[in-house]
Amino acid sequence: MVEKMKITIACAGKVKEKYLREGIAEYAKRLSAYCTLDWYEVQDEKTPEGASRETGRQIMQKEGARLLKGIPDSAFVTALCIDGEMLDSVELSSKLQQKMVQGTSHFVFVIGGSLGLSDEVVKRADAKLSFSRMTFPHQLMRLILLEQIYRSFRIMNHEPYHK
């Protein structure tokens, strides 16, 4: 059995859809057997219709500054980025387990707002992870991420999980 550790999901905005909140709550409950799960949610910025590239950059910087305030220096930070490393579930589990063996006890996964993550957040990250080259709604990404973290713990512990 892998020792319990702390996982924080740092993200911009709130989850509005009931079905997503219910799915997130289900995986949070399942994960409680393996880790302490925390959320660090910051206010997201409203993006005006037809915003310029510069306005978008400023929005990401504001959200990024808020996100960085809640990330401890000692945490291993993974930024979810479209240009991050693409792993399968076994590879993700292996990477998490390797970091735990090396002494990492706190992982922070950062999900940006609707425009993504600021350069400052990406620079702070110890790793960049991509689930696909496709773009997903940032609220849905929370559910997908939790499911993959849960799957990783099941794999680490040699416990069955549907494929």
Side-chain angles (χ1 to χ4, degrees), residues 4-49 51 53-87 89 92-93 95-96 99-100 104-154:
K4 259 196 178 187
M5 60 162 22
K6 183 175 183 178
I7 293 181
T8 301
I9 310 298
C11 44
K14 299 248 181 247
V15 176
K16 296 170 181 72
E17 289 82 6
K18 182 182 177 187
Y19 73 95
L20 289 174
R21 287 194 313 267
E22 289 172 351
I24 288 166
E26 175 61 29
Y27 279 101
K29 184 175 89 178
R30 292 181 187 191
L31 277 166
S32 68
Y34 303 101
C35 65
T36 301
L37 179 66
D38 287 325
W39 293 92
Y40 180 70
E41 289 182 338
V42 301
Q43 179 184 345
D44 56 345
E45 293 287 318
K46 300 298 174 232
T47 305
E49 201 62 38
R53 176 174 277 159
E54 178 58 23
T55 300
R57 191 186 62 72
Q58 290 171 359
I59 287 170
M60 287 189 296
Q61 279 187 316
K62 286 179 186 176
E63 291 174 349
R66 290 183 195 129
L67 287 165
L68 286 169
K69 284 181 186 173
I71 298 175
D73 290 340
S74 61
F76 185 87
V77 179
T78 301
L80 273 61
C81 303
I82 205 162
D83 65 340
E85 184 178 15
M86 281 195 227
L87 305 171
S89 298
L92 177 61
S93 178
K95 284 202 180 253
L96 289 172
K99 284 290 167 198
M100 293 195 285
T104 301
S105 61
H106 188 187
F107 289 90
V108 176
F109 291 88
V110 188
I111 302 171
S114 59
L115 298 177
L117 291 170
S118 69
D119 290 341
E120 292 79 10
V121 172
V122 174
K123 284 177 190 156
R124 164 58 185 96
D126 300 297
K128 294 191 315 183
L129 178 64
S130 175
F131 281 78
S132 171
R133 288 184 307 168
M134 291 184 237
T135 301
F136 294 102
H138 60 285
Q139 295 179 20
L140 177 60
M141 201 62 234
R142 297 179 199 199
L143 178 59
I144 295 169
L145 174 62
L146 287 184
E147 190 280 334
Q148 283 300 303
I149 294 170
Y150 174 70
R151 186 180 294 268
S152 291
F153 278 111
R154 300 290 292 189

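We count residues from 1, following the sequence as given.
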Next on the checklist: I need the minimum non-hydrogen distance between C81 and S130, along with the two atoms involved.
Outcome noted: O-CB, 3.1 Å
Checklist entry - Using the ring of each side chain (for Trp, its six-membered ring), is F107 parallel, tilted or perpendicular to F76, with breaks at 30° and 60°? => result perpendicular
Next on the checklist: My understanding is that only one of L37, L146, I149 makes a side-chain contact (heavy atoms from CB on, under 4.5 Å) with Y27; could you say which?
Outcome noted: L146
Next on the checklist: Once rounded to the nearest 0.5 Å, what's the spacing between atom OG of S32 and atom OH of Y150?
Outcome noted: 10.0 Å
Checklist entry - Just by modelled atom types, is the G113 backbone N or O under 3.5 Å from a matching donor or acceptor in the D44 side chain? => result no
Item to check | From CE (M86) to OG (S132), nearest 0.5 Å | outcome: 6.0 Å
Item to check | Test side-chain contact (heavy atoms from CB on, under 4.5 Å) applied to T78 and V110, step by step | outcome: CA-CA 6 Å; T78 301; V110 188; over 6 Å; no
Checklist entry - What do the steps show when you test R124 against E120 for salt bridge (charged side-chain N to carboxylate O under 4.0 Å, His left out), and what is the final call? => result CA-CA 6 Å; R124 164 58 185 96; E120 292 79 10; over 6 Å; no
Item to check | R133 side-chain N/O to I82 backbone N/O, donor-acceptor pair under 3.5 Å | outcome: no
Next on the checklist: Take a 6.0 Å sphere around NZ of K69 and say whether it holds more than 12 heavy atoms from other residues, nucleotides or ligands.
Outcome noted: no
Item to check | Side-chain heavy-atom pair I111, L145 within 4.5 angstrom cut-off | outcome: yes
Checklist entry - Just checking, any donor-acceptor pair under 3.5 angstrom between side chains of S118 and E63? => result no
Checklist entry - Which atoms form the tightest heavy-atom contact between S89 and Q148, and what is the distance? => result OG-OE1, 2.7 Å
Next on the checklist: Show, in sequence, the C-alpha distance, side-chain angles and deciding distance for R142 and E41, and conclude whether the salt bridge (charged side-chain N to carboxylate O under 4.0 Å, His left out) test is met.
Outcome noted: CA-CA 11 Å; R142 297 179 199 199; E41 289 182 338; 2.7 Å; yes
Item to check | Smallest separation among heavy atoms of C11 and L67, with atom names | outcome: N-CD2, 3.5 Å
Next on the checklist: Ignoring hydrogens and geometry beyond distance, is a side-chain donor-acceptor pair present between H106 and S74 at under 3.5 Å?
Outcome noted: no
Next on the checklist: For I59 versus P48, what's the shortest heavy-atom pair and its separation?
Outcome noted: CD1-CD, 4.0 Å
Next on the checklist: My understanding is that only one of L140, L20, L143 makes a side-chain contact (heavy atoms from CB on, under 4.5 Å) with V15; could you say which?
Outcome noted: L20
Checklist entry - If you take all heavy atoms of A79 and A125, which pair is closest and at what distance? => result CB-CB, 3.7 Å
Checklist entry - Just how far is it from atom OG of S105 to atom CD1 of I7, taken to the nearest 0.5 Å? => result 11.0 Å
Checklist entry - With side chains defined as the heavy atoms from C-beta onward, is the minimum distance between M5 and T36 less than 4.5 Å? => result no
Item to check | L117 to L80 - nearest heavy-atom pair and separation | outcome: CD1-O, 3.6 Å
Next on the checklist: Looking at E26 and R21, is there a salt bridge between them, counting it only when a charged N and a carboxylate O are closer than 4.0 Å?
Outcome noted: no
Item to check | Exam field: side chain T8 to backbone A10, donor-acceptor pair closer than 3.5 Å | outcome: no
Checklist entry - If you round to the nearest 0.5 Å, how far is CG of L92 from NZ of K95? => result 9.5 Å
Checklist entry - Is any side-chain heavy atom of F131 closer than 4.5 Å to a side-chain heavy atom of M141? => result yes
Item to check | Short side-chain to backbone donor-acceptor contact, Q139 and K14, under 3.5 Å | outcome: yes
Item to check | Spacing of CG belonging to L68 relative to CD belonging to Q61, to within rounding of 0.5 Å | outcome: 11.0 Å
Checklist entry - Within the distance-only criterion (no hydrogens, no angle test), does the side chain of T104 pair as donor or acceptor with the backbone N or O of M100 below 3.5 angstrom? => result no
Item to check | Straight-line distance of L31 CG to I24 CD1, nearest 0.5 Å | outcome: 12.0 Å
Checklist entry - Going through the checks in order, is the side-chain contact (heavy atoms from CB on, under 4.5 Å) test met by T47 and S114? => result CA-CA 8 Å; T47 305; S114 59; 4.1 Å; yes
